[in-house]
Amino acid sequence: MALEPADTGRPRDSMVRRLSRTMVAVALTSSALTAGATGLLAYRMLLAGEDRRLRDAAVDLVEEVRGLDDARARLEADAEQRELMAFGIRIALFSSEGQLGGDPDIPTQSGCAWSQLPGEAGVRRCGETAHGRLSVAQENIESIPRLRVSLPLAAVVAATCAALISLLMSRRVASWAARPLTELSASLARIEPGSPLPAPLTAQARYSEVNAVRTALVALLTRLQEALEQSRRFAANAAHELRTPLATLQAELELQAEMLQPPDTTLALERMHRTVKSLGVLVERLLVLADDTQGSLELVESVSLAQVVEEVLRALPPSELRRVEFEAGPLGLVSGDSHLLRQLVDNVVENALKFSDGGRVRVSLQETPEQTRLDIRDEGPGISEADSRRVFEPFYRSPTARAGKPGHGIGLSLVALVARAHRASVAVLPSERGAHLRLTFPGVQPRHQ
């Protein structure tokens, strides 16, 4: 079968050009809004300029007639009217008794406003009062009222069209522009630990930028997979090496236990024998996890978490057992490995007892067809939000834990490891007092014949 051109040649397109086309569409839309806003601003500026011109003419007239009697003021107003007519401005001067001079058709007015008289559409008047007299200047500027109607209308039309276009196209355009990245993200989401890379990641991407990201990710995933394999081989080799000395130590302890010993020594030997035996089981199970967490550990055994909890509690010393409250109820059936699940429960209970400072530890089970939840609550100092994720990292110990509690920071990391092997999740939930740890296991699915 022949390869597709996108897999063999240089990418035919780039994300830069793709996003550029998207930006052009956005720019065209925004320009319509900008044009409308600019037109309205231009209208305001033109009107402000005309008002300034009329006010200046009115102020000049009242200043020129300052201190003059009415007769001389009339002469000055008439002269000013003849002078300003050449510039399209008409002006009149008023006193408290009435009009003194200038254009006789101009009515009195304070401030600037459009004329409201019939037949005077587009006439703008500005009146200024000073020294007991009023000067009113007016000009016929019909073009500005037309702009006042047309420019806002154009802005409204442009804004409406842009809003409709954005409403109809924004989601499609965004999806279209980001589709190469979403496809790459979907390919990454399908990767399973230890499994080969999916085909979309091994084939060359169409766009050069996405292809560069894909290449870097493939190289990174390859290095991570190699590092994971090295870690698994190291863990497996370490577990293999521990088998022999643990077996030898167990045999020596059994031999010493058969001999006549003082009572204190006999009890110590029994404790050491239980510890070594537990270590041997743990090494065997960790060896399984190190070989292949997702593959060789087959979760076909139906295990009762309630029974596992009871076994762990029975192994506790009486002083610690009295501090634990177990709400016996559902069986809490999950698919898993009973030895590993016992290690998980043992670690969370031991951790809760250690940090409770003599307080109570409550263990409860809740079961539904979809999931089984195991909750462990203690009365210790609790776990801060900043530490709620890091406590499951290997060898991490919070400042509270380092303050005075012995340990190496591997208990909860082992809990998280066993939980992942059982397709379960582990989380620290908010709690008013102490710490609240929740393990959520998928429910046991019925088998179909």
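Quick note: numbers below take in every heavy atom, side chains included, and nothing from hydrogens, waters or symmetry partners. Here the structure is a predicted model, which means the values were calculated and not measured. Throughout, numbering of the chain's residues begins at 1 and tracks the sequence.
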| request: Flag the pair L47 / D51 as yes when at least one side-chain heavy-atom distance between them is below 4.5 Å, and no otherwise. | output: yes
| query | Is it true that E139 and R125 have a side-chain N and a carboxylate O under 4.0 angstrom from each other? | reply | no
| Does a side-chain N-to-carboxylate-O contact under 4.0 Å join R124 and E50? | no
So which heavy atom on [X] is nearest to which on [Y], and how close?
X	Y	answer
L344	A419	CD1-N, 3.9 Å
A92	Q99	CB-NE2, 3.2 Å
A130	V62	CB-CG2, 4.0 Å
I91	Q81	N-OE1, 2.8 Å
L374	V309	CD1-CG2, 4.3 Å

| Sequence neighbours excluded - salt bridge (charged side-chain N to carboxylate O under 4.0 Å, His left out) pairs with any residue from residues 65-80 | D70-R133
Determine yes or no for a side-chain-to-main-chain donor-acceptor pair under 3.5 angstrom, with [X] supplying the side chain and [Y] the backbone.
X	Y	result
S135	L61	no
R323	G359	yes
D378	A435	yes
N347	Q343	yes
R90	G88	no

| query | Residues two or more places apart in sequence or in another chain: which of them pass side chain to side chain contact (heavy atoms under 4.5 Å, CB included) with E325? | reply | R360, R362
| said: Could you work out, with side-chain hydrogen bond (donor to acceptor under 3.5 Å, both in side chains) as the rule, every residue matching E63, not counting sequence neighbours? | reply: H131
Say you draw a straight line from [atom1] of [X] to [atom2] of [Y]; how long is it, rounded to the nearest 0.5 Å?
X	Y	atom1	atom2	answer
D337	H422	CG	NE2	5.5 Å
L429	I383	CG	CD1	10.0 Å
I376	N351	CD1	CG	10.0 Å

| Considering residues, nucleotides and ligands other than Q307, do more than 12 of their heavy atoms fall under 6.0 Å from its CD? | no
